[in-house]
Structures are given as C-alpha cells and as structure tokens.
Student: 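Handing you this structure, nothing more for now.
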Amino acid sequence: MSKGKKSMPRQAYVNGRYTPHNDAAVHIEDRGYQFADGVYEVVPVYNGILVDEEPHLDRLERSLRELQIEMPMSRAAMKLVSRELMRRNGLSRGFVYMQITRGVAPRDHKFPASASPALVMTTRQMKPHSPDMIEKGVKVITLRDIRWERCDIKSVSLLPNILGKQAAAEAGAYEAWQIDDDGNITEGTSANAWIVTDSDTVVTRHANSEILNGITRVALLDLIEKEGFKLEERAFSLEEARTAREAFVTSSSSFVMPVTQIDDNPVGNGHPGILTMKLRESYIAYMNSLKEAG
Ligand code: PDD
C-alpha cells in the first residue's frame, strides 16, 4: 500500500471483534487448530451482493448440526457481520469466508464439557476470471478419492483436498477430479464435476454424503430445469467423462468453468462446450439479477 494512503486496513471479525486482518488470531487451543474440529462457508459476493446467502447459511447450520456445534450467534447477526465486513473492506466482488469451530479447550479428543463455538469471518477480493481461461477452458487431472464418508459436511479438515489440489497444480491443472472405488467421479477438490453427453444431457453426481452439495450446483440445477435442458443426477465414470462431449466444474469461485482436458485427453473438440458456455452465461445473468434483500 502506498504510504500517504489513509484507507482502513482490511478487517477481520474474530469472536465478537473487528480487528485488522493482519493481526487477527485465534487461541492455540482452538479445536479448529488442534483437530480441524470445525466447519466453514465461502459465500461469493458479486456486484456487492452476497450470492445465495440463505442456502449458504442453511448449509452452514446443517454442517454444524451434524457435528453438534452450536451456532455462535444468530443467523441475523451473521448477516449483519457479513455486511459490516464488506462495508469496512469495500468488498464488491470476492467472498465472505466464515469459519466456526467447537471453541477453545484443553486438548482432549472428546467434546469439551464447556466451550463456546469460535467464529472467524474474513473477506477476500477476487479478480474476474481471465478471458483466456474461459476461452481455452481448464485442465483437470484425476486421482483416487481418499476422503472420509461425510463429504457432505463442509469441514475445515481438508487434507485430501489440499493434496489433490497440489497434485493438480504440479500437473499444470486447475482441479483434480476424485474417483471412488467403483471408478466413478465424485467431485473436484473444491468444485463439483459435470459432463454433457452426446445427447446433450447434463450429468452431475447425485448429492449424498460422498460429495459436498455445492450451492452453485443447486442454483445451476434450477437454471437447467428452467431452461429445459436434459439433466441426470447420477454417478458417471472416468471413462464416460473422457469421452463426454463437454465438461465443466461449478463452485463459488469458478461459477461455471469449462473443462477442456481430463488428464491427457481433450474433452470433445478440445474447446469449451456450447452448452457449458450457455450455462456459464445463465449463471452470471442469475448473479446479475440478484438484489440486496430488504
Ligand atoms: N469450495 N465440492 C467441494 C469439495 C468444495 O470444497 C466446494 C466449494 C464445492 C462447491 O460448492 P459451492 O458451489 O457451494 O462453492 C464442491 C469452496 C469454494 C472452497 O473451499 O473454497
């Protein structure tokens, strides 16, 4: 930052306080730090609006419920903090990140008798996707899904995802698609996986405990239905993906991102698919149509 500039430093919200992001810290015995005993949400912000805030908060509450962690404050208060952080940080495009852990307690695996859930909220700006990436599409690699059986919980325990994303980065790829024991693709390390078949049917894995049910995924399913495209929610194999006409990923940061290479094989003609690009446009149009509630 240039010296004479008086803009406020980026703020974070940590357990009830707004604090400069660079100084924000949690206790060393926070169970998130000790055990990855916590959950998170990433809510995209587009045109200054929180995209699908309610479904994100629904999923956050569900993740917490599954782990028997209390909400640290009311949903209404979380919404207020999101907006206040966005205001303080001048955020119009990026994310609000929220993380809740079981709290601070002496290290012991079982739940502490008394601990209050700890809440951290931050924001992050995001640049628009590079036109090159959209025009060319991205590469994904594939690897074995070594995660646990509750991938529906948005847990901060992300080691397999991190290892997968690192392997992708080392291979010059954008994502790693994970493959279950039956040879079917579950999802990416931080995005849902989709293909389009020769008969123009959009296919994505059904949501159960083997994948995270992406909020972008759900919004896109709705758009696909409204626009009358053929859709199947089912498992699909690596073989089917390799020979698919089109492929893409969805997430809060990717929106709808065309995939044009799976491992060493081009997808379809090696260019972003027509239907994929239509869906990307529909999703962006959807985000542009959103207005601040109330
Ligand atoms: N990742 N699958 C996994 C494993 C994810 O981590 C994510 C999101 C998704 C897509 O979910 P959504 O559409 O709600 O973003 C699917 C976020 C962005 C992250 O970890 O940063």
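By convention here, the first residue in the shown sequence is residue 1. In each ligand, atom 1 is the first atom listed, and ligand 1 is the first ligand listed.
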Student: What protein heavy atom sits nearest atom 13 (O) of ligand 1, and how far off is it?
Tutor: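 Here the nearest protein heavy atom works out to Thr216 OG1, 2.6 Å.
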Student: Got a salt bridge between Lys278 and Glu281, using NZ or NE/NH1/NH2 to carboxylate O under 4.0 Å?
Tutor: no
Student: Applying the side-chain contact (heavy atoms from CB on, under 4.5 Å) test to Val45, which of Arg93, Met86, Glu53 qualifies?
Tutor: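 In the set Arg93, Met86, Glu53, the residue that makes a side-chain contact (heavy atoms from CB on, under 4.5 Å) with Val45 is Met86.
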Student: Between ligand 1 and Tyr40, is the shortest N or O to N or O distance under 3.5 Å?
Tutor: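 There is such a contact, yes.
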Student: What residue and heavy atom of the protein are closest to atom 8 (C) of ligand 1, and at what distance?
Tutor: Lys154 NZ, 3.4 Å
Student: State, without any angle test, whether Thr101 and Asp37 hold a side-chain donor-acceptor pair at a distance under 3.5 Å.
Tutor: no
Student: Side chains of Asp152 and Asn208 only: does a donor on one sit below 3.5 Å from an acceptor on the other?
Tutor: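 No, no side-chain donor-acceptor pair sits under 3.5 Å.
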Student: How close does the nearest protein non-hydrogen atom get to atom 14 (O) of ligand 1, and which residue and atom is it?
Tutor: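 Going by distance alone, atom 14 (O) of ligand 1 is nearest to Ile215 N, 2.8 Å.
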Student: For ligand 1, is there an N or O atom under 3.5 Å from any N or O atom of Ser252?
Tutor: yes
Student: Near Thr189, which atoms of ligand 1 are under 4.0 Å from a heavy atom of that residue?
Tutor: 4 (C), 6 (O)
Student: Assess Phe95 for proximity to ligand 1: is some non-hydrogen atom of it under 4.0 Å away?
Tutor: no
Student: Answer side chain, backbone, both or neither: which part of Cys151 comes under 4.0 Å from ligand 1, heavy atoms only.
Tutor: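 Neither part.
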Student: Are any of the N/O atoms on Thr250, whether in the backbone or the side chain, positioned under 3.5 angstrom from an N/O atom of ligand 1?
Tutor: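 No; every N/O pair is 3.5 Å or more apart.
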Student: Any idea which protein heavy atom is nearest atom 11 (O) of ligand 1, and the distance to it?
Tutor: Gly214 CA, 3.3 Å
Student: As an exercise, identify every atom of ligand 1 less than 4.0 angstrom from a heavy atom of Val42.
Tutor: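 Listed by number with element: 19 (C), 21 (O).
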Student: Run the numbers for me: atoms of ligand 1, each under 4.0 Å from some heavy atom of Arg59, listed by number.
Tutor: 11 (O), 14 (O)
Student: Contact between Ile211 and ligand 1, counting heavy atoms under 4.0 Å?
Tutor: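 So Ile211 does not count as touching ligand 1.
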Student: For Thr204 and Ala193, indicate whether the former's side chain and the latter's backbone hold a donor-acceptor pair under 3.5 Å.
Tutor: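 Yes, Thr204 side chain to Ala193 backbone: donor-acceptor pair under 3.5 Å.
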Student: Pick from Thr260, Thr276, Thr197, Asn269: which one makes a side chain to side chain donor-acceptor pair (under 3.5 Å) with Glu246?
Tutor: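 Among Thr260, Thr276, Thr197, Asn269, the one meeting side chain to side chain donor-acceptor pair (under 3.5 Å) with Glu246 is Thr276.
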Student: If hydrogens are left out, which of Ser190, Ser253, Ser254, Ser251 has an atom nearest to atom 7 (C) of ligand 1, that is, the closest non-hydrogen atom?
Tutor: Ser190
Student: Between Asn192 and ligand 1, which residue portion shows a heavy-atom distance shorter than 4.0 Å: side chain, backbone, both, or neither?
Tutor: both
Student: Between Tyr13 and Thr19, does a side-chain hydrogen bond (donor to acceptor under 3.5 Å, both in side chains) hold up when you go through it step by step?
Tutor: CA-CA 6 Å; Tyr13 180 87; Thr19 165; over 6 Å; no
Student: Say whether Asn288 and Tyr283, considering side chains only, have a donor N or O and an acceptor N or O under 3.5 Å apart.
Tutor: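 No, Tyr283 and Asn288 have no side-chain donor paired with an acceptor closer than 3.5 Å.
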Student: Atoms of ligand 1 less than 4.0 Å from Glu187 heavy atoms?
Tutor: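 Ligand 1 atoms under the 4.0 Å threshold to Glu187: 2 (N), 3 (C), 4 (C), 16 (C).
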Student: Counting only N and O atoms by type, is there a donor-acceptor contact under 3.5 Å from the side chain of Asn192 to the main-chain atoms of Glu187?
Tutor: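 A pair under 3.5 Å: no.
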Student: For Asn184 and Ser237, does a side-chain donor sit closer than 3.5 Å to a side-chain acceptor?
Tutor: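 Absent: no donor and acceptor within the cut-off.
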